[in-house]
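In this text the structure is predicted, and so the values were computed from the model without any measurement.
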Amino acid sequence: MSKGRFVWFDANSSDPAATKAFYGELFGWRAEPFDGPSEIAYDVFKAGDAYIGGTSKLDPQSGAPSHWLTHLEVENVDEAAALTERSGGKIVVPPYDMPTVGRSAIVMDPGGAYFGLFKPESEIPDPSMAPNTFVWNELYTGDVDKALKYYEELAGWTYESFDMGEQGVYHVGGGPEDKWVGLMKFPPNAPEIPYWQPYVAVTDTDASVEKAKTLGGQAIFGPMDIPDVGRFAILQDPTGAMLAIIRFQERIKPE
């Protein structure tokens with residue numbers, strides 16, 4: 001079951017055409033117009049046979065930069081939104097129904113990171129480790145203890161913690177059999193902006209970075225090895241949205 005996992009990923013873009021072209025070349029994603037009811041033009045991304053996310057044009061009046069927004073599957077969107085508010089977070093877009101798709105909301109967690117709540121109408125399979133699919137999500141926050149407590153109550157996550165030296169303590173979270181998120185305090189010398197960073201699996205991190213550069217993107221960080229985990233980098237696409245890539249040695253599992 002996917003509940004408690006991030007299952008959908010939206011590229012809110014200043015230039016959806018550029019977004020579709022970049023990721024289509026980099027990951028082989030196919031973009032298809034959404035054929036359901038929608039108030040905005042929306043294209044869905046397909047990796048192989050799986051629908052994994054989509055893209056739409058940012059409201060120019062919002063002043064927001066291009067960004068990826070992750071959506072967490074929950075049992076009840078309304079209850080999850082209310083829990084967020086009680087915990088010191090904020091409901092940004094109140095719960096609403098999307099015909100044939102499900103019920104959704106956008107919230108800000110108690111530390112200030114935005115993400116979506118989502119209850120799909122049909123079951124979404126657990127993510128695989130297949131290349132060019134989303135495999136990990138990482139939260140940067142100013143109050144890790146508050147975040148750990150909030151997401152434990154919201155998503156039922158359990159955690160294991162690892163001392164990363166100068167980078168601080170890294171907490172991996174998820175279910176008892178598998179982990180799929182990481183939470184950490186803002187890295188040293190990094191902007192103190194709370195956000196969720198999604199990761200896409202690749203077969204060769206360095207080659208993907210070089211290809212991204214030829215397509216108008218750039219590497220914001222890395223490539224860098226994580227001992228016993230894999231090799232990763234953080235990219236910025238041509239519209240300014242950031243997305244991380246990683247070649248995992250293996251999925252992180254509890255001891």
Q.
Using the side-chain hydrogen bond (donor to acceptor under 3.5 Å, both in side chains) definition, which of the options Thr141, Asp109, Thr84 pairs with Tyr150?
A. Thr84

Q: Could you please spell out the steps behind the side-chain contact (heavy atoms from CB on, under 4.5 Å) verdict for Glu79 and Leu154?
A: CA-CA 9 Å; Glu79 291 178 2; Leu154 177 72; over 6 Å; no

**Q.** CA sep, side-chain torsions, deciding dist, call: Asn12, Lys57, side-chain contact (heavy atoms from CB on, under 4.5 Å)
**A.** CA-CA 6 Å; Asn12 296 303; Lys57 187 172 180 61; over 6 Å; no

Decide whether [X] and [Y] are clustered together by the hydrophobic rule: side chain heavy atoms of Ile, Leu, Val, Met, Phe, Trp, Tyr closer than 4.5 Å, transitively.
X	Y	answer
Val93	Trp8	yes
Ile193	Val92	no
Val44	Leu58	no

Sub-3.5 Å donor-acceptor pair from the side chain of [X] to the main-chain atoms of [Y], do we have one?
X	Y	answer
Ser13	Ser56	no
Asp97	Pro99	no
Ser66	Ser14	yes
Lys46	Tyr51	no
Lys211	Glu25	yes
Trp29	Ala21	no

[Y] side chain reached by [X] side chain, heavy atoms, under 4.5 Å:
X	Y	answer
Leu139	Asn137	no
Phe118	Met98	yes
Lys179	Trp157	no
Pro194	Phe186	yes
Asp10	His71	yes
Arg5	Asp178	yes
Val209	Pro223	yes
Leu215	Leu26	yes

Quick one: [atom1] on [X] to [atom2] on [Y], what's the gap to the nearest 0.5 Å?
X	Y	atom1	atom2	value
Asp225	Arg247	CG	CZ	7.0 Å
Phe162	Met184	CZ	CE	13.5 Å
Phe34	Thr55	CZ	OG1	14.5 Å
Lys119	Leu117	NZ	CG	12.5 Å
Leu243	Phe22	CG	CZ	8.0 Å
Thr70	His67	OG1	NE2	10.0 Å

Q) Would you call the rings of Phe6 and Phe115 parallel, tilted or perpendicular, where under 30° means parallel and over 60° means perpendicular? A) perpendicular

Q: Describe, in one word, how the ring planes of Phe248 and Trp136 are oriented to each other, choosing from parallel (under 30°), tilted (30 to 60°) and perpendicular (over 60°).
A: perpendicular

Nearest heavy-atom pair of [X] and [Y]: which atoms, and what distance?
X	Y	result
Ala113	Trp196	CB-CD1, 4.2 Å
Pro95	Arg103	CB-NH2, 3.5 Å
Gly217	Pro238	N-CG, 4.2 Å
Ala18	Thr239	CB-CG2, 4.1 Å

Q.
Under a plain distance cut-off of 3.5 Å, with no hydrogens placed, do Glu138 and Tyr195 share a side-chain donor-acceptor pair?
A. no

Q) Strictly by modelled atom types, are Gln236 and Gln218 linked by a side-chain donor-acceptor pair under 3.5 Å? A) yes

Q: Evaluate the criterion salt bridge (charged side-chain N to carboxylate O under 4.0 Å, His left out) for residue pair Lys185 and Asp143; output intermediate values, then yes/no.
A: CA-CA 7 Å; Lys185 192 175 177 65; Asp143 191 332; over 6 Å; no

Q | SB check Lys213 Glu210 (cutoff 4.0 Å) | A | yes

Q. Are any of the side-chain nitrogens in Lys90 or Glu85 under 4.0 Å away from the carboxylate oxygens of its partner?
A. no

Q: Under the side chain to side chain contact (heavy atoms under 4.5 Å, CB included) rule, collect the residues that match up with Leu148, sequence neighbours excluded.
A: Val144, Asp145, Tyr159, His171, Leu183

Q | Contacts of Phe221 that satisfy ring-ring contact (aromatic ring centres under 6.0 Å, His included) - sequence neighbours left out | A | Phe232

**Q.** side-chain contact (heavy atoms from CB on, under 4.5 Å) between Val181 and Val172, intermediate numbers included
**A.** CA-CA 6 Å; Val181 294; Val172 296; over 6 Å; no

Q | side-chain contact (heavy atoms from CB on, under 4.5 Å) evaluation trace for Leu235 with Ile220 | A | CA-CA 6 Å; Leu235 306 178; Ile220 299 300; over 6 Å; no

Q) Picking from Trp68, Tyr199, Trp180, what satisfies ring-ring contact (aromatic ring centres under 6.0 Å, His included) with Phe134? A) Trp68

